Amino acid sequence: MGSASSTLTQYDIEDVQEHCNNLFSQQEIVSLYQRFCQLDRTAKGFISADEFLSVPEFAMNPLSQRLLKMVDGLNFKDFVIFLSAFNPKASMPQKIELIFKVYDSDYNGKVTFNDIMEEVLIKVMKEAGYSKDSSLLLDDFVKILDHPGLKMDVEVPVD
Amino acid sequence: MSKLTSSSSELDLDRPNIEDYLPTDSIQEPHAKLRLRDLLDISPTLTEAAGAIVDDSFTRCFKSNPPEPWNWNVYLFPLWCLGVVVRYGILFPGRVLILTFGWIIFLSCYIPVHLLLKGHDKLRKRLERALVELICSFFVASWTGVVKYHGPRPCARPKQVFVANHTSMIDFIVLEQMTAFAVIMQKHPGWVGLLQSTILESVGCIWFNRSEAKDREIVARKLREHVEGADNNPLLIFPEGTCVNNHYTVMFKKGAFELGSTVCPIAIKYNKIFVDAFWNSRKQSFTTHLLQLMTSWAVVCDVWYLEPQNMKPGETPIEFAERVRGIISVRAGLKMVPWDGYLKYSRPSPKHRESKQQCFAESVLRRLEEK
(Lines give C-alpha, C1' and ligand atoms only; values in the text may rest on other atoms or scores of the structure.)
Protein backbone atom coordinates (compact mmCIF):
# COMPACT_ATOMS: atom_id res chain seq x y z
CA MET A 1 0.00 0.00 0.00
CA GLY A 2 2.90 2.30 0.58
CA SER A 3 3.76 2.21 -3.10
CA ALA A 4 0.25 3.15 -4.22
CA SER A 5 1.46 6.37 -5.78
CA SER A 6 3.74 4.42 -8.11
CA THR A 7 0.76 2.75 -9.77
CA LEU A 8 -0.80 6.14 -10.39
CA THR A 9 1.10 7.94 -13.12
CA GLN A 10 1.46 11.68 -13.53
CA TYR A 11 -0.79 11.40 -16.57
CA ASP A 12 -3.51 9.73 -14.49
CA ILE A 13 -3.27 12.40 -11.81
CA GLU A 14 -3.61 15.19 -14.36
CA ASP A 15 -6.51 13.43 -16.04
CA VAL A 16 -8.39 13.13 -12.75
CA GLN A 17 -7.53 16.70 -11.86
CA GLU A 18 -9.01 17.90 -15.12
CA HIS A 19 -12.21 15.97 -14.54
CA CYS A 20 -12.78 17.55 -11.17
CA ASN A 21 -12.07 21.01 -12.58
CA ASN A 22 -8.80 21.36 -10.69
CA LEU A 23 -10.56 21.45 -7.34
CA PHE A 24 -8.05 19.04 -5.80
CA SER A 25 -4.32 19.52 -5.76
CA GLN A 26 -2.14 16.73 -7.09
CA GLN A 27 -1.06 15.80 -3.58
CA GLU A 28 -4.69 15.52 -2.49
CA ILE A 29 -5.41 13.24 -5.44
CA VAL A 30 -2.53 10.98 -4.41
CA SER A 31 -3.88 10.93 -0.85
CA LEU A 32 -7.33 10.09 -2.15
CA TYR A 33 -5.87 7.30 -4.26
CA GLN A 34 -4.20 5.81 -1.21
CA ARG A 35 -7.51 6.01 0.62
CA PHE A 36 -9.30 4.46 -2.37
CA CYS A 37 -6.86 1.53 -2.39
CA GLN A 38 -7.23 1.15 1.34
CA LEU A 39 -11.01 0.85 1.05
CA ASP A 40 -10.93 -1.29 -2.08
CA ARG A 41 -9.42 -4.26 -0.28
CA THR A 42 -9.63 -6.74 -3.10
CA ALA A 43 -8.16 -4.34 -5.67
CA LYS A 44 -11.09 -4.55 -8.07
CA GLY A 45 -10.82 -0.95 -9.22
CA PHE A 46 -13.99 0.09 -7.44
CA ILE A 47 -15.27 0.06 -3.87
CA SER A 48 -18.22 -2.20 -3.14
CA ALA A 49 -21.08 -1.27 -0.80
CA ASP A 50 -19.81 -3.75 1.76
CA GLU A 51 -16.38 -2.12 1.82
CA PHE A 52 -17.94 1.30 2.38
CA LEU A 53 -19.93 -0.16 5.24
CA SER A 54 -16.75 -1.46 6.86
CA VAL A 55 -16.12 2.14 7.89
CA PRO A 56 -18.24 2.32 11.06
CA GLU A 57 -18.46 6.13 10.96
CA PHE A 58 -20.04 5.87 7.52
CA ALA A 59 -22.28 2.90 8.28
CA MET A 60 -23.83 4.68 11.25
CA ASN A 61 -24.62 7.86 9.32
CA PRO A 62 -28.38 8.29 8.76
CA LEU A 63 -27.78 9.03 5.08
CA SER A 64 -25.55 6.04 4.42
CA GLN A 65 -28.11 4.02 2.46
CA ARG A 66 -28.88 6.89 0.13
CA LEU A 67 -25.21 7.70 -0.36
CA LEU A 68 -24.38 4.08 -1.00
CA LYS A 69 -26.65 4.15 -4.02
CA MET A 70 -24.59 7.01 -5.38
CA VAL A 71 -21.08 5.74 -4.59
CA ASP A 72 -21.40 1.99 -4.97
CA GLY A 73 -19.14 0.73 -7.74
CA LEU A 74 -17.53 4.06 -8.61
CA ASN A 75 -14.08 3.89 -10.13
CA PHE A 76 -11.38 6.22 -8.85
CA LYS A 77 -12.11 9.07 -11.26
CA ASP A 78 -15.81 9.14 -10.41
CA PHE A 79 -14.93 8.77 -6.73
CA VAL A 80 -12.89 11.96 -6.90
CA ILE A 81 -15.60 13.74 -8.87
CA PHE A 82 -18.12 12.77 -6.20
CA LEU A 83 -15.90 14.05 -3.41
CA SER A 84 -15.09 17.24 -5.28
CA ALA A 85 -18.47 18.63 -4.23
CA PHE A 86 -17.10 18.66 -0.68
CA ASN A 87 -14.02 20.64 -1.56
CA PRO A 88 -14.00 24.08 0.08
CA LYS A 89 -13.39 25.59 -3.37
CA ALA A 90 -16.44 23.94 -4.96
CA SER A 91 -19.24 26.28 -5.96
CA MET A 92 -22.45 26.50 -3.99
CA PRO A 93 -24.59 25.22 -6.92
CA GLN A 94 -22.31 22.18 -7.18
CA LYS A 95 -22.80 21.37 -3.50
CA ILE A 96 -26.52 21.93 -3.74
CA GLU A 97 -26.68 19.68 -6.78
CA LEU A 98 -25.22 16.89 -4.67
CA ILE A 99 -27.84 17.44 -1.99
CA PHE A 100 -30.48 17.33 -4.71
CA LYS A 101 -29.12 14.05 -6.02
CA VAL A 102 -29.21 12.55 -2.52
CA TYR A 103 -32.89 13.41 -2.25
CA ASP A 104 -33.77 12.41 -5.80
CA SER A 105 -33.53 8.69 -5.10
CA ASP A 106 -35.24 7.63 -8.30
CA TYR A 107 -33.02 9.79 -10.52
CA ASN A 108 -35.82 11.39 -12.45
CA GLY A 109 -34.59 14.94 -11.95
CA LYS A 110 -37.46 15.70 -9.58
CA VAL A 111 -37.78 15.47 -5.82
CA THR A 112 -41.28 14.53 -4.81
CA PHE A 113 -42.89 14.01 -1.47
CA ASN A 114 -42.05 10.34 -1.67
CA ASP A 115 -38.39 11.19 -1.51
CA ILE A 116 -38.53 13.15 1.76
CA MET A 117 -40.14 12.72 5.17
CA GLU A 118 -43.84 13.05 4.53
CA GLU A 119 -45.75 14.64 7.38
CA VAL A 120 -43.31 17.38 8.12
CA LEU A 121 -42.88 18.15 4.50
CA ILE A 122 -46.56 18.63 3.73
CA LYS A 123 -46.83 21.25 6.44
CA VAL A 124 -43.72 23.13 5.46
CA MET A 125 -44.19 22.99 1.70
CA LYS A 126 -47.71 24.39 1.98
CA GLU A 127 -46.43 27.32 4.00
CA ALA A 128 -43.68 28.00 1.49
CA GLY A 129 -46.14 28.16 -1.35
CA TYR A 130 -45.70 24.74 -2.89
CA SER A 131 -48.70 22.46 -3.15
CA LYS A 132 -48.81 18.83 -2.07
CA ASP A 133 -48.54 17.61 -5.63
CA SER A 134 -45.75 19.86 -6.75
CA SER A 135 -42.27 18.58 -7.18
CA LEU A 136 -39.03 20.42 -6.70
CA LEU A 137 -36.59 20.84 -9.51
CA LEU A 138 -32.94 21.64 -9.17
CA ASP A 139 -33.64 25.34 -9.61
CA ASP A 140 -36.06 25.31 -6.68
CA PHE A 141 -33.39 23.67 -4.57
CA VAL A 142 -30.91 26.35 -5.53
CA LYS A 143 -33.41 29.04 -4.64
CA ILE A 144 -34.14 27.49 -1.27
CA LEU A 145 -30.71 26.34 -0.18
CA ASP A 146 -28.33 28.85 -1.69
CA HIS A 147 -27.19 31.01 1.16
CA PRO A 148 -23.77 31.79 2.61
CA GLY A 149 -24.46 29.70 5.70
CA LEU A 150 -24.48 26.41 3.76
CA LYS A 151 -21.33 24.61 4.81
CA MET A 152 -20.44 21.37 3.11
CA ASP A 153 -16.66 21.14 3.13
CA VAL A 154 -14.36 18.24 3.82
CA GLU A 155 -10.60 18.47 4.11
CA VAL A 156 -8.41 15.79 2.55
CA PRO A 157 -5.59 14.80 4.91
CA VAL A 158 -2.27 15.09 3.14
CA ASP A 159 0.54 13.27 4.98
CA MET B 1 -21.47 36.61 7.61
CA SER B 2 -21.27 38.44 4.29
CA LYS B 3 -23.85 41.01 3.36
CA LEU B 4 -25.77 40.68 0.09
CA THR B 5 -23.58 42.15 -2.59
CA SER B 6 -25.01 44.99 -4.60
CA SER B 7 -24.03 43.20 -7.80
CA SER B 8 -27.07 40.94 -7.54
CA SER B 9 -29.71 43.06 -9.20
CA GLU B 10 -32.79 41.18 -8.07
CA LEU B 11 -34.04 42.17 -4.67
CA ASP B 12 -33.77 39.03 -2.62
CA LEU B 13 -36.77 38.11 -0.63
CA ASP B 14 -35.70 34.57 -1.33
CA ARG B 15 -32.35 34.92 0.38
CA PRO B 16 -32.75 36.95 3.56
CA ASN B 17 -29.74 37.83 5.62
CA ILE B 18 -29.48 36.28 9.04
CA GLU B 19 -29.85 39.79 10.47
CA ASP B 20 -33.15 40.24 8.66
CA TYR B 21 -34.36 36.94 9.94
CA LEU B 22 -34.86 37.86 13.56
CA PRO B 23 -38.14 39.81 13.52
CA THR B 24 -39.99 37.41 11.30
CA ASP B 25 -43.59 38.54 11.40
CA SER B 26 -43.38 41.07 8.59
CA ILE B 27 -42.36 38.81 5.72
CA GLN B 28 -44.06 35.45 5.86
CA GLU B 29 -42.78 33.95 2.63
CA PRO B 30 -39.01 34.05 3.27
CA HIS B 31 -39.61 32.75 6.79
CA ALA B 32 -41.37 29.75 5.34
CA LYS B 33 -38.61 29.32 2.79
CA LEU B 34 -36.27 29.30 5.77
CA ARG B 35 -38.17 26.43 7.31
CA LEU B 36 -38.05 24.54 4.06
CA ARG B 37 -34.34 25.23 3.94
CA ASP B 38 -33.87 23.78 7.40
CA LEU B 39 -35.73 20.70 6.35
CA LEU B 40 -33.82 20.18 3.13
CA ASP B 41 -30.41 21.19 4.41
CA ILE B 42 -28.70 17.92 5.15
CA SER B 43 -25.25 19.41 4.67
CA PRO B 44 -23.89 18.67 8.19
CA THR B 45 -24.81 15.00 8.00
CA LEU B 46 -23.63 14.71 4.40
CA THR B 47 -20.35 16.33 5.36
CA GLU B 48 -19.88 13.80 8.14
CA ALA B 49 -20.52 10.93 5.76
CA ALA B 50 -18.08 12.28 3.18
CA GLY B 51 -15.55 12.94 5.94
CA ALA B 52 -15.81 9.29 6.94
CA ILE B 53 -15.23 8.20 3.34
CA VAL B 54 -12.12 10.37 3.06
CA ASP B 55 -10.57 9.43 6.40
CA ASP B 56 -11.87 7.70 9.47
CA SER B 57 -10.33 7.02 12.83
CA PHE B 58 -11.29 3.34 12.88
CA THR B 59 -9.36 2.30 9.76
CA ARG B 60 -6.40 4.29 11.00
CA CYS B 61 -6.14 2.02 14.05
CA PHE B 62 -5.31 -0.98 11.91
CA LYS B 63 -3.08 0.63 9.31
CA SER B 64 0.52 -0.53 9.42
CA ASN B 65 2.63 2.35 8.14
CA PRO B 66 5.53 0.93 6.15
CA PRO B 67 8.76 2.70 7.03
CA GLU B 68 10.26 5.18 4.57
CA PRO B 69 12.73 3.39 2.30
CA TRP B 70 16.15 4.77 3.12
CA ASN B 71 18.31 2.60 0.92
CA TRP B 72 17.74 4.44 -2.29
CA ASN B 73 21.14 5.75 -3.20
CA VAL B 74 24.35 4.13 -4.33
CA TYR B 75 26.08 4.37 -0.93
CA LEU B 76 23.25 3.18 1.28
CA PHE B 77 22.01 0.40 -0.95
CA PRO B 78 25.07 -1.87 -0.55
CA LEU B 79 24.89 -1.22 3.17
CA TRP B 80 21.30 -2.31 3.17
CA CYS B 81 22.20 -5.41 1.15
CA LEU B 82 24.86 -6.20 3.71
CA GLY B 83 22.24 -5.80 6.39
CA VAL B 84 19.95 -8.24 4.62
CA VAL B 85 22.77 -10.76 4.34
CA VAL B 86 23.54 -10.42 8.04
CA ARG B 87 19.90 -10.64 9.06
CA TYR B 88 18.90 -13.57 6.91
CA GLY B 89 22.24 -15.35 6.71
CA ILE B 90 23.67 -14.97 10.20
CA LEU B 91 21.05 -13.76 12.64
CA PHE B 92 18.17 -15.84 11.41
CA PRO B 93 19.89 -19.23 11.49
CA GLY B 94 21.40 -18.32 14.86
CA ARG B 95 18.00 -17.48 16.21
CA VAL B 96 16.43 -20.63 14.84
CA LEU B 97 19.16 -22.60 16.60
CA ILE B 98 18.53 -20.81 19.89
CA LEU B 99 14.82 -21.41 19.59
CA THR B 100 15.25 -25.09 18.73
CA PHE B 101 17.64 -25.47 21.64
CA GLY B 102 15.11 -23.79 23.90
CA TRP B 103 12.32 -26.07 22.75
CA ILE B 104 14.44 -29.16 23.32
CA ILE B 105 15.22 -28.11 26.88
CA PHE B 106 11.64 -27.13 27.49
CA LEU B 107 10.08 -30.30 26.18
CA SER B 108 12.59 -32.56 27.86
CA CYS B 109 11.71 -30.98 31.20
CA TYR B 110 8.07 -30.31 30.68
CA ILE B 111 6.91 -33.73 29.53
CA PRO B 112 8.47 -35.64 32.44
CA VAL B 113 7.22 -33.08 34.94
CA HIS B 114 3.73 -33.17 33.48
CA LEU B 115 3.49 -36.95 33.42
CA LEU B 116 5.45 -38.00 36.47
CA LEU B 117 4.34 -35.41 38.99
CA LYS B 118 0.65 -36.02 38.43
CA GLY B 119 0.04 -36.52 42.12
CA HIS B 120 2.05 -33.57 43.40
CA ASP B 121 -0.01 -30.75 41.95
CA LYS B 122 1.54 -27.81 43.77
CA LEU B 123 5.09 -28.75 42.82
CA ARG B 124 4.09 -29.63 39.31
CA LYS B 125 2.34 -26.32 38.80
CA ARG B 126 5.32 -24.40 40.09
CA LEU B 127 7.71 -26.20 37.81
CA GLU B 128 5.42 -25.83 34.82
CA ARG B 129 5.10 -22.12 35.49
CA ALA B 130 8.88 -21.73 35.60
CA LEU B 131 9.24 -23.74 32.39
CA VAL B 132 6.68 -21.61 30.53
CA GLU B 133 8.54 -18.49 31.62
CA LEU B 134 11.71 -20.12 30.32
CA ILE B 135 10.36 -20.92 26.85
CA CYS B 136 8.96 -17.42 26.56
CA SER B 137 12.39 -16.03 27.34
CA PHE B 138 13.79 -18.18 24.56
CA PHE B 139 11.18 -16.78 22.19
CA VAL B 140 12.04 -13.23 23.16
CA ALA B 141 15.74 -14.01 22.68
CA SER B 142 14.98 -15.38 19.23
CA TRP B 143 13.90 -11.92 18.13
CA THR B 144 16.65 -10.20 20.07
CA GLY B 145 13.99 -8.71 22.21
CA VAL B 146 15.08 -5.78 24.30
CA VAL B 147 12.34 -5.30 26.84
CA LYS B 148 12.52 -2.70 29.53
CA TYR B 149 10.19 -3.34 32.43
CA HIS B 150 9.18 -0.42 34.59
CA GLY B 151 7.31 -0.59 37.83
CA PRO B 152 6.73 -3.24 40.49
CA ARG B 153 6.55 -6.84 39.28
CA PRO B 154 3.10 -8.39 39.41
CA CYS B 155 2.49 -10.80 42.25
CA ALA B 156 -0.09 -13.50 42.50
CA ARG B 157 -2.85 -12.29 44.77
CA PRO B 158 -6.47 -13.29 44.64
CA LYS B 159 -9.09 -10.87 43.32
CA GLN B 160 -6.91 -9.12 40.82
CA VAL B 161 -6.75 -9.07 37.03
CA PHE B 162 -4.18 -7.54 34.72
CA VAL B 163 -5.17 -5.64 31.59
CA ALA B 164 -2.93 -4.47 28.77
CA ASN B 165 -3.18 -2.88 25.34
CA HIS B 166 -2.81 -5.32 22.47
CA THR B 167 -0.56 -5.03 19.43
CA SER B 168 0.33 -8.61 18.57
CA MET B 169 0.29 -12.04 20.13
CA ILE B 170 3.89 -11.45 21.14
CA ASP B 171 2.51 -9.11 23.84
CA PHE B 172 1.59 -12.24 25.72
CA ILE B 173 5.07 -13.74 25.31
CA VAL B 174 6.79 -10.51 26.35
CA LEU B 175 4.72 -10.36 29.54
CA GLU B 176 4.82 -14.07 30.21
CA GLN B 177 8.60 -14.26 30.39
CA MET B 178 8.49 -12.09 33.48
CA THR B 179 5.42 -13.54 35.21
CA ALA B 180 3.45 -16.66 34.41
CA PHE B 181 0.04 -15.22 33.69
CA ALA B 182 -3.08 -17.12 32.86
CA VAL B 183 -4.62 -15.57 29.82
CA ILE B 184 -7.89 -15.45 27.97
CA MET B 185 -7.41 -15.92 24.25
CA GLN B 186 -9.22 -16.48 21.02
CA LYS B 187 -8.76 -20.09 19.93
CA HIS B 188 -6.48 -20.13 16.89
CA PRO B 189 -6.08 -22.81 14.28
CA GLY B 190 -2.85 -24.59 13.40
CA TRP B 191 0.26 -24.98 15.54
CA VAL B 192 -0.72 -22.03 17.69
CA GLY B 193 -3.93 -23.81 18.61
CA LEU B 194 -1.94 -26.90 19.47
CA LEU B 195 0.28 -24.92 21.80
CA GLN B 196 -2.79 -23.32 23.32
CA SER B 197 -4.41 -26.61 24.15
CA THR B 198 -1.36 -28.29 25.57
CA ILE B 199 1.20 -26.04 27.20
CA LEU B 200 -0.91 -23.01 27.94
CA GLU B 201 -3.44 -25.25 29.67
CA SER B 202 -0.88 -25.69 32.42
CA VAL B 203 -0.79 -22.02 33.28
CA GLY B 204 -4.56 -21.94 33.18
CA CYS B 205 -6.07 -20.38 30.09
CA ILE B 206 -9.61 -19.56 29.10
CA TRP B 207 -10.69 -19.91 25.50
CA PHE B 208 -13.37 -18.07 23.68
CA ASN B 209 -14.68 -17.76 20.19
CA ARG B 210 -15.38 -14.26 18.93
CA SER B 211 -18.06 -15.38 16.54
CA GLU B 212 -20.23 -17.10 19.11
CA ALA B 213 -22.55 -14.71 20.87
CA LYS B 214 -23.61 -17.20 23.55
CA ASP B 215 -19.96 -17.70 24.39
CA ARG B 216 -19.95 -14.43 26.26
CA GLU B 217 -21.88 -15.66 29.30
CA ILE B 218 -19.82 -18.82 29.54
CA VAL B 219 -16.64 -16.80 29.35
CA ALA B 220 -17.84 -14.31 31.96
CA ARG B 221 -18.52 -17.19 34.31
CA LYS B 222 -15.12 -18.75 33.70
CA LEU B 223 -13.43 -15.41 34.33
CA ARG B 224 -15.19 -15.03 37.63
CA GLU B 225 -14.30 -18.55 38.71
CA HIS B 226 -10.67 -18.08 37.84
CA VAL B 227 -10.31 -14.79 39.66
CA GLU B 228 -11.85 -16.18 42.78
CA GLY B 229 -9.63 -19.28 42.84
CA ALA B 230 -6.80 -18.81 45.32
CA ASP B 231 -3.96 -20.59 43.61
CA ASN B 232 -4.70 -19.79 40.01
CA ASN B 233 -2.13 -17.78 38.15
CA PRO B 234 -2.89 -14.06 37.87
CA LEU B 235 -5.18 -13.47 34.93
CA LEU B 236 -4.09 -11.32 31.98
CA ILE B 237 -6.78 -9.85 29.76
CA PHE B 238 -6.48 -7.78 26.58
CA PRO B 239 -9.75 -5.83 26.75
CA GLU B 240 -9.45 -4.36 23.25
CA GLY B 241 -10.38 -7.76 21.87
CA THR B 242 -8.19 -7.40 18.80
CA CYS B 243 -4.72 -6.29 17.71
CA VAL B 244 -4.31 -2.55 17.16
CA ASN B 245 -1.33 -0.85 15.57
CA ASN B 246 0.28 0.55 18.76
CA HIS B 247 -0.61 4.16 17.92
CA TYR B 248 -4.23 4.00 19.05
CA THR B 249 -6.40 2.21 21.56
CA VAL B 250 -9.92 1.07 20.76
CA MET B 251 -12.65 0.75 23.35
CA PHE B 252 -12.09 -1.73 26.15
CA LYS B 253 -14.68 -4.45 26.62
CA LYS B 254 -16.23 -4.23 30.04
CA GLY B 255 -15.93 -7.95 30.84
CA ALA B 256 -12.67 -7.53 32.75
CA PHE B 257 -14.02 -4.61 34.73
CA GLU B 258 -17.18 -6.07 36.17
CA LEU B 259 -15.59 -8.93 38.09
CA GLY B 260 -15.40 -6.95 41.29
CA SER B 261 -11.62 -7.27 41.51
CA THR B 262 -8.70 -4.89 41.41
CA VAL B 263 -7.54 -4.08 37.89
CA CYS B 264 -3.80 -3.65 37.36
CA PRO B 265 -3.10 -1.84 34.08
CA ILE B 266 -0.06 -2.69 31.99
CA ALA B 267 1.03 -0.46 29.12
CA ILE B 268 3.15 -1.82 26.26
CA LYS B 269 4.82 0.37 23.66
CA TYR B 270 6.99 -0.96 20.86
CA ASN B 271 9.76 1.07 19.33
CA LYS B 272 9.24 1.02 15.59
CA ILE B 273 12.80 1.89 14.64
CA PHE B 274 13.85 -1.73 14.45
CA VAL B 275 10.66 -3.47 13.52
CA ASP B 276 6.96 -2.77 13.49
CA ALA B 277 5.56 -5.32 15.90
CA PHE B 278 1.93 -4.81 14.87
CA TRP B 279 0.39 -8.09 13.77
CA ASN B 280 -2.05 -7.21 11.02
CA SER B 281 -4.02 -10.42 11.23
CA ARG B 282 -5.88 -9.54 8.05
CA LYS B 283 -2.68 -9.42 6.08
CA GLN B 284 -0.38 -12.02 7.67
CA SER B 285 -0.59 -15.34 9.41
CA PHE B 286 1.09 -15.58 12.80
CA THR B 287 3.86 -17.75 11.34
CA THR B 288 4.70 -15.10 8.76
CA HIS B 289 4.62 -12.50 11.50
CA LEU B 290 7.05 -14.47 13.65
CA LEU B 291 9.39 -15.04 10.72
CA GLN B 292 9.32 -11.34 9.99
CA LEU B 293 10.33 -10.64 13.58
CA MET B 294 13.09 -13.23 13.47
CA THR B 295 14.64 -11.66 10.38
CA SER B 296 14.63 -8.13 11.79
CA TRP B 297 17.32 -6.57 13.88
CA ALA B 298 15.51 -6.43 17.19
CA VAL B 299 12.19 -6.01 18.95
CA VAL B 300 12.46 -3.14 21.35
CA CYS B 301 9.68 -2.34 23.72
CA ASP B 302 8.79 -0.77 27.05
CA VAL B 303 6.45 -2.37 29.54
CA TRP B 304 5.02 -0.32 32.36
CA TYR B 305 3.27 -1.98 35.29
CA LEU B 306 0.92 0.73 36.49
CA GLU B 307 -0.86 1.38 39.75
CA PRO B 308 -3.72 -1.01 40.50
CA GLN B 309 -7.16 0.55 40.14
CA ASN B 310 -10.41 -0.20 41.85
CA MET B 311 -13.87 0.74 40.69
CA LYS B 312 -14.87 4.02 42.30
CA PRO B 313 -18.22 4.16 44.08
CA GLY B 314 -20.93 5.12 41.62
CA GLU B 315 -18.80 4.23 38.60
CA THR B 316 -20.21 1.87 36.00
CA PRO B 317 -17.99 -0.89 34.56
CA ILE B 318 -17.89 0.94 31.23
CA GLU B 319 -16.70 4.17 32.88
CA PHE B 320 -14.14 2.18 34.83
CA ALA B 321 -12.92 0.55 31.61
CA GLU B 322 -12.58 3.94 29.93
CA ARG B 323 -10.70 5.35 32.89
CA VAL B 324 -8.19 2.50 32.84
CA ARG B 325 -7.88 2.84 29.06
CA GLY B 326 -7.04 6.49 29.60
CA ILE B 327 -4.32 5.58 32.12
CA ILE B 328 -2.75 3.05 29.75
CA SER B 329 -3.03 5.33 26.69
CA VAL B 330 -1.38 8.25 28.46
CA ARG B 331 1.51 6.11 29.69
CA ALA B 332 2.18 4.50 26.32
CA GLY B 333 1.47 7.63 24.27
CA LEU B 334 -1.49 6.17 22.38
CA LYS B 335 -4.51 8.03 21.05
CA MET B 336 -7.93 6.88 22.15
CA VAL B 337 -10.64 6.29 19.56
CA PRO B 338 -14.30 5.64 20.40
CA TRP B 339 -14.73 2.46 18.38
CA ASP B 340 -15.38 -1.15 19.29
CA GLY B 341 -12.53 -3.38 18.10
CA TYR B 342 -14.94 -6.10 17.01
CA LEU B 343 -16.12 -3.82 14.17
CA LYS B 344 -13.03 -5.19 12.41
CA TYR B 345 -14.90 -8.45 12.03
CA SER B 346 -18.51 -7.38 11.66
CA ARG B 347 -20.57 -4.46 10.49
CA PRO B 348 -22.32 -2.14 12.94
CA SER B 349 -25.83 -3.44 13.39
CA PRO B 350 -28.54 -1.61 11.41
CA LYS B 351 -30.09 -0.74 14.76
CA HIS B 352 -27.37 1.87 15.29
CA ARG B 353 -28.09 3.52 11.99
CA GLU B 354 -31.83 3.37 12.48
CA SER B 355 -31.58 4.96 15.90
CA LYS B 356 -29.37 7.68 14.42
CA GLN B 357 -31.92 8.23 11.67
CA GLN B 358 -34.61 8.50 14.29
CA CYS B 359 -32.58 11.14 16.19
CA PHE B 360 -31.93 12.96 12.93
CA ALA B 361 -35.63 13.09 12.05
CA GLU B 362 -36.54 14.16 15.57
CA SER B 363 -33.99 16.96 15.61
CA VAL B 364 -35.29 18.34 12.32
CA LEU B 365 -38.85 18.26 13.65
CA ARG B 366 -37.76 19.93 16.85
CA ARG B 367 -35.94 22.68 14.98
CA LEU B 368 -38.99 23.38 12.86
CA GLU B 369 -41.32 23.43 15.84
CA GLU B 370 -39.09 25.96 17.56
CA LYS B 371 -39.57 28.53 14.79
Side-chain angles (χ1 to χ4, degrees), chain A residues 1-3 31-32 35 38-39 41 47 50 52-65 67 71 79 82-83 85-86 95-96 98-100 102-103 111 116-117 119-121 123-130 136 141 143-157, chain B residues 1-4 14-18 28-59 63-69 282 339-340 343-344 347-350 352-361 364-365 368:
Chain A
M1 218 226 72
S3 57
S31 268
L32 283 174
R35 177 64 174 175
Q38 192 180 51
L39 291 174
R41 281 199 222 123
I47 308 175
D50 194 53
F52 274 111
L53 290 175
S54 73
V55 177
E57 236 172 278
F58 178 79
M60 296 208 282
N61 190 293
L63 293 173
S64 56
Q65 291 303 313
L67 279 176
V71 298
F79 179 69
F82 171 79
L83 287 175
F86 293 93
K95 292 180 193 278
I96 296 173
L98 187 71
I99 298 181
F100 183 79
V102 171
Y103 274 109
V111 171
I116 323 181
M117 295 174 284
E119 328 77 54
V120 186
L121 187 62
K123 208 167 43 140
V124 173
M125 292 271 275
K126 281 215 167 105
E127 287 181 34
Y130 293 94
L136 298 167
F141 257 69
K143 261 202 287 207
I144 296 166
L145 285 175
D146 194 354
H147 70 110
L150 182 75
K151 276 245 168 301
M152 209 168 85
D153 300 328
V154 169
E155 281 223 20
V156 177
Chain B
M1 205 39 248
S2 57
K3 287 239 171 242
L4 285 175
D14 284 7
R15 290 193 288 166
N17 258 336
I18 296 297
Q28 186 68 325
E29 202 198 339
H31 169 59
K33 280 242 163 65
L34 221 79
R35 289 164 61 106
L36 191 51
R37 169 192 305 165
D38 277 320
L39 176 63
L40 295 175
D41 186 359
I42 47 171
S43 55
T45 317
L46 250 191
T47 313
E48 260 181 43
I53 293 179
V54 165
D55 186 19
D56 76 291
S57 54
F58 183 73
T59 319
K63 199 161 80 140
S64 33
N65 287 317
E68 286 293 320
R282 277 189 293 202
W339 300 108
D340 175 355
L343 286 171
K344 207 170 149 193
R347 305 278 165 264
S349 73
H352 283 124
R353 188 176 36 89
E354 279 155 25
S355 75
K356 267 219 166 182
Q357 278 175 329
Q358 185 76 335
C359 292
F360 180 61
V364 172
L365 281 168
L368 293 176

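Just so we're on the same page: letters track the sequence lines, and every chain starts at 1. From a predicted model like this one, the values you see are computed outputs, not experimental measurements.
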Side chain / backbone / both / neither for D153(A) at chain B, heavy atoms under 4.5 Å: backbone

Just how far is it from atom CZ of F82(A) to atom CD1 of I53(B), taken to the nearest 0.5 Å? 5.0 Å

Does the side chain of T59(B) reach to within under 4.5 Å of the side chain of Q38(A), using non-hydrogen atoms? yes

Quick one: list whatever passes side-chain contact (heavy atoms from CB on, under 4.5 Å) with P44(B), sequence neighbours left out. D41(B)

Just give me the residue among L67(A), I47(A), D50(A), L98(A) that pairs up with chain B most often, heavy atom to heavy atom, under 4.5 Å. D50(A)

Do the side chain of D55(B) and the main chain of V156(A) share a donor and acceptor less than 3.5 angstrom apart? no

Rounding to 0.5 Å, atoms CD (E48(B)) and CE (M60(A)) come to a distance of 10.0 Å

Is chain B contacted by the side chain of F100(A), its backbone, both, or neither, given a heavy-atom distance below 4.5 Å? neither

Looking only at heavy atoms, which two atoms of P56(A) and W339(B) are closest? And how far apart? CB-CZ3, 3.6 Å

Does a side-chain heavy-atom distance below 4.5 Å link K151(A) with S43(B)? no

Could you check which of S31(A), P157(A), A85(A) has the highest count of heavy-atom pairs closer than 4.5 Å to chain B? P157(A)

When rounded to the nearest 0.5 Å, the distance separating CG of D56(B) from OG of S54(A) is 8.0 Å

Is there side-chain contact between V54(B) and E155(A), with heavy atoms separated by less than 4.5 Å? no

To the nearest 0.5 Å, atom OG1 of T47(B) lies from atom NZ of K95(A) at 7.5 Å

